[in-house]
Colleague: 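Pasting a structure here, questions to come.
Below, read A as the first sequence line, B as the second, and so on, with proteins coming before strands; counting in each chain starts at 1.
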Amino acid sequence: MDPGQFLRASRVIIVAGKGGVGKTTVAAALARMAAREGLSALLVQVEQASGLAALFRRPPLTYVESTLAPAAGTEAEVRGRTITPDDALLEYLEDHGLRRISRRLVSTGAMDVVATAAPGIKDILILGKIKALERSSGADVVIVDAPAAGHAITFLLSVRGLLDAVRVGPINAQAREVLDMLSDPARCSVVLVTLPEETPVNELVETAFTLEDQVGVGLGPVVVNSVYPPLSGLDTPPETAAEAVGEVLTPAEVEALAGAARFRRRRQDLQRAQIARLAERLPLPQLRLPSVFAADLGPAEVDLLADTLRAEVTGLPDVVPSSAGPR
Amino acid sequence: MNPVEDLDSLVGHARVLVCCGSGGVGKTTTGAALALEAATRGRRAVVVTIDPAKRLADTLGIGSLTNTPSRIAGEWPGELWALMLDTKSTFDDLVLAHAADDDQARRILGNRFYRNISGALSGTQEYMAGEKLYELHEGGDFDLVVVDTPPTRNALDFIGASRRLTNFLDHRLYRMLMSPTRAYLRAVNLAAQAFVRTVSKVVGSEVLDDALAFFRAFEGMEEGFRERAARVEALLADEGTAFILVAAPRADAVTEASFFTTKLEESKISVAALIVNRMHPRLGTGRAEADRARAQRFAGTDLGTLYANLADLRTVADGEEAHLTELAANVAPAPVVRVPFLDHDVHDLDSLARISEHLFRS
């Protein structure tokens with residue numbers, strides 16, 4: 001599949017996954033992949049504690065857009081911002097001519113009443129803002145770093161729940177518009193991220209079905225993160241490998257090399273089994289990202305992952321399933 | 001609690017263990033392993049979990065939400081019980097216990113606003129985890145209650161959750177909304193009226209009516225709730241209660257963990273032990289840079305591959321070690337316990353016992 005075609009398939013890409021699977025890194029890599037295709041990207045962070053800006057070595061994001069990676073040559077820009085419910089509410093009220101009351105509504109904690117009276121309202125404000133960005137943002141692609149874990153589901157399911165609770169008025173209208181966006185694969189798709197490990201794979205499969213059945217959202221390829229890149233030669237005993245090049249190893253070196261090889265082979269086997277199990281349970285195409293052996297991730301690692309993503313997307317056929325299929 | 005007590009002694013003497021940490025670091029599994037260890041030592045232990053992975057829940061015999069502990073059969077001198085917290089029914093029980101009569105309870109339980117509070121309000125899960133913990137502790141059937149905190153970044157809202165929710169119920173805005181008389185409305189200023197109108201304009205008057213009905217029905221119960229909340233908080237600060245921080249040796253986990261310790265400190269609670277899960281093996285004493293150089297020198301041969309792999313794994317292990325040092329400094333002088341990367345996810349009692357081995361006997 002042509003990477004440009006993949007990135008243009010929907011304007012909004014929501015990246016979701018369980019905590020610790022690296023969804024923030026994947027969101028950043030997707031944005032850089034877009035930028036390198038000449039498509040400008042806006043990264044949206046909806047949780048306070050995301051490490052998104054740190055991946056670009058930039059100060060924490062705010063409600064006001066800022067540059068994460070500038071345009072250079074044929075590369076387009078990557079920008080970033082947060083969307084917090086309180087700020088989104090303020091903006092919403094101001095847009096609806098309720099500016100006078102808005103600050104007070106937030107500062108007195110009345111937001112909590114409203115949010116309790118109609119759960120999901122915070123999520124709908126965030127999603128409503130994302131929908132507004134889909135229409136108005138100058139960016140070619142809007143990439144959302146979704147809340148962690150089961151919260152991503154609650155976050156996306158909130159729309160339907162809210163439609164039941166609030167049957168009239170502007171919030172109802174907002175929820176309808178958001179649902180239209182979420183359920184239109186030409187406007188929005190969800191990229192699920194997992195690790196090639198048992199529990200994350202189980203949860204990803206469950207999430208995929210829930211999102212499809214209950215939100216009707218279009219599913220993009222699944223990203224399998226932190227896959228050990230294949231290494232050939234790990235099966236050779238260290239002494240034999242050393243002998244072949246005329247080296248002599250100390251017993252400590254032999255032990256360290258053999259221990260490392262054993263660990264990696266075992267993990268590779270386990271990962272392979274989980275990747276196969278994921279493929280068996282979910283017909284969605286997989287994009288595999290390598291384990292990055294670095295103490296901390298920065299722009300260089302993000303770009304490396306963006307390159308791999310591009311290669312993985314290029315390797316996909318032109319038409320891929322975008323549905324989790326029957327359970 | 002004496003912060004330098006080791007995990008071994010904690011599991012033998014503590015009355016309450018609270019496992020906290022960010023999502024996906026193995027809190028539930030760790031909590032279950034701690035309870036299992038206590039049972040092995042002849043104690044009656046119960047583990048309260050919030051959101052266990054399905055297979056672990058099945059193993060523990062708590063495949064569905066219950067509000068009463070189920071006993072897990074096994075060859076140990078003590079008792080092992082588990083329950084998966086049902087937030088809503090815990091809240092319902094609390095309402096039933098504090099309502100003046102059946103009528104009041106019925107009006108509250110049937111109210112839509114109440115159902116939202118008990119099911120979806122952020123903080124309710126934390127509140128109810130504390131409530132359940134208190135109930136199990138006070139019930140006298142258990143020597144040790146292990147509780148797993150909710151998988152959110154706000155998991156430590158757990159500590160102030162009961163107070164915060166009580167404050168929420170006591171919010172002056174509700175008091176204002178609760179007074180249905182016109183005289184009262186005249187007394188409040190115009191801005192407040194505009195305020196109520198705005199709320200109703202945004203969410204619809206139906207929603208607001210539900211809220212009003214709830215606060216009217218709830219009247220008179222605040223005191224009981226407040227008292228109970230104070231007792232839960234006292235238990236969390238008690239000498240027999242210890243907080244165990246569970247973490248992964250990753251950069252983001254360090255940030256999260258320092259956030260947790262800061263929050264705990266605000267409540268004058270110190271971390272009693274740090275458990276770091278999924279550590280890569282330490283492979284001798286060599287340096288990753290030297291391995292990398294040798295990998296390059298022998299590039300294209302099997303020896304080169306073996307060194308490249310060793311370099312990769314040592315880089316990861318060094319990074320983890322640095323993160324662990326930072327974590328340990330954060331919780332000092334609490335003991336630090338490492339659990340290695342395991343071959344399989346934990347979903348049976350044998351693998352749970354293996355975690356205990358790493359926690360207590362290595």
Colleague: Measure across A/Ala260 and B/Leu310 and return the closest heavy-atom pair with its distance rounded to 0.1 Å.
Modeller: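 Shortest heavy-atom contact: CB-CD1, 3.7 Å.
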Colleague: Is there side-chain contact between B/Leu303 and A/Leu249, with at least one heavy-atom pair below 4.5 Å?
Modeller: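 They are in side-chain contact.
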Colleague: Sort out for me which of A/Pro200, A/Ala256, A/Pro238 touches chain B most, counting heavy-atom pairs under 4.5 Å.
Modeller: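 Of the candidates given, the most pairs with chain B belong to A/Ala256.
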Colleague: What part of A/Leu257 lies closer than 4.5 angstrom to a heavy atom of chain B: side chain, backbone, both or neither?
Modeller: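 A/Leu257 touches chain B through backbone and side-chain heavy atoms alike.
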Colleague: Give, as side chain, backbone, both or neither, the part of A/Glu243 having an atom under 4.5 angstrom from any heavy atom of chain B.
Modeller: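 Answer is neither: A/Glu243 stays 4.5 Å or more from chain B.
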Colleague: Answer yes or no: does atom CZ of A/Arg262 have more than 12 heavy-atom neighbours from other residues, nucleotides or ligands under 6.0 Å?
Modeller: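 Atom CZ in A/Arg262 is not packed in, count stays at 12 or less.
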Colleague: Let's test your reading of the structure: which of B/Arg282, B/Arg294, B/Glu320 forms the most heavy-atom pairs below 4.5 Å with chain A?
Modeller: B/Arg294
Colleague: Tell me, side chain or backbone of A/Ser232 under 4.5 Å from chain B's heavy atoms, or both, or neither?
Modeller: backbone
Colleague: Which answer fits A/Ala261, side chain, backbone, both or neither, if we ask what part of it has an atom under 4.5 Å from a heavy atom of chain B?
Modeller: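 Backbone plus side chain of A/Ala261, per the 4.5 Å heavy-atom cut-off to chain B.
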Colleague: CZ of B/Arg287: more than 12 outside heavy atoms within 6.0 angstrom?
Modeller: no
Colleague: Answer with side chain, backbone, both or neither: which region of A/Glu253 has an atom nearer than 4.5 Å to a non-hydrogen atom of chain B?
Modeller: side chain
Colleague: Kindly indicate whether the side chain of A/Arg264, heavy atoms from C-beta on, has any atom under 4.5 Å from the side chain of B/Asp312.
Modeller: yes
Colleague: Quick one: what part of B/Arg314 sits under 4.5 Å from any heavy atom of chain A, side chain, backbone, both or neither?
Modeller: side chain
Colleague: If you take all heavy atoms of B/Leu306 and A/Thr236, which pair is closest and at what distance?
Modeller: CD1-O, 3.6 Å
Colleague: Determine the minimum heavy-atom distance between A/Phe293 and B/Thr315, stating which atoms define it.
Modeller: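 Scanning both residues completely, I find the closest heavy atoms to be O-CG2, 3.5 Å.
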Colleague: Just how far is it from atom CZ of A/Arg267 to atom NE2 of B/His280, taken to the nearest 0.5 Å?
Modeller: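 The CZ atom of A/Arg267 sits 7.0 Å away from the NE2 atom of B/His280.
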Colleague: When only pairs under 4.5 Å are counted, which of A/Glu255, A/Glu247, A/Glu197 shares the most heavy-atom pairs with chain B?
Modeller: A/Glu247
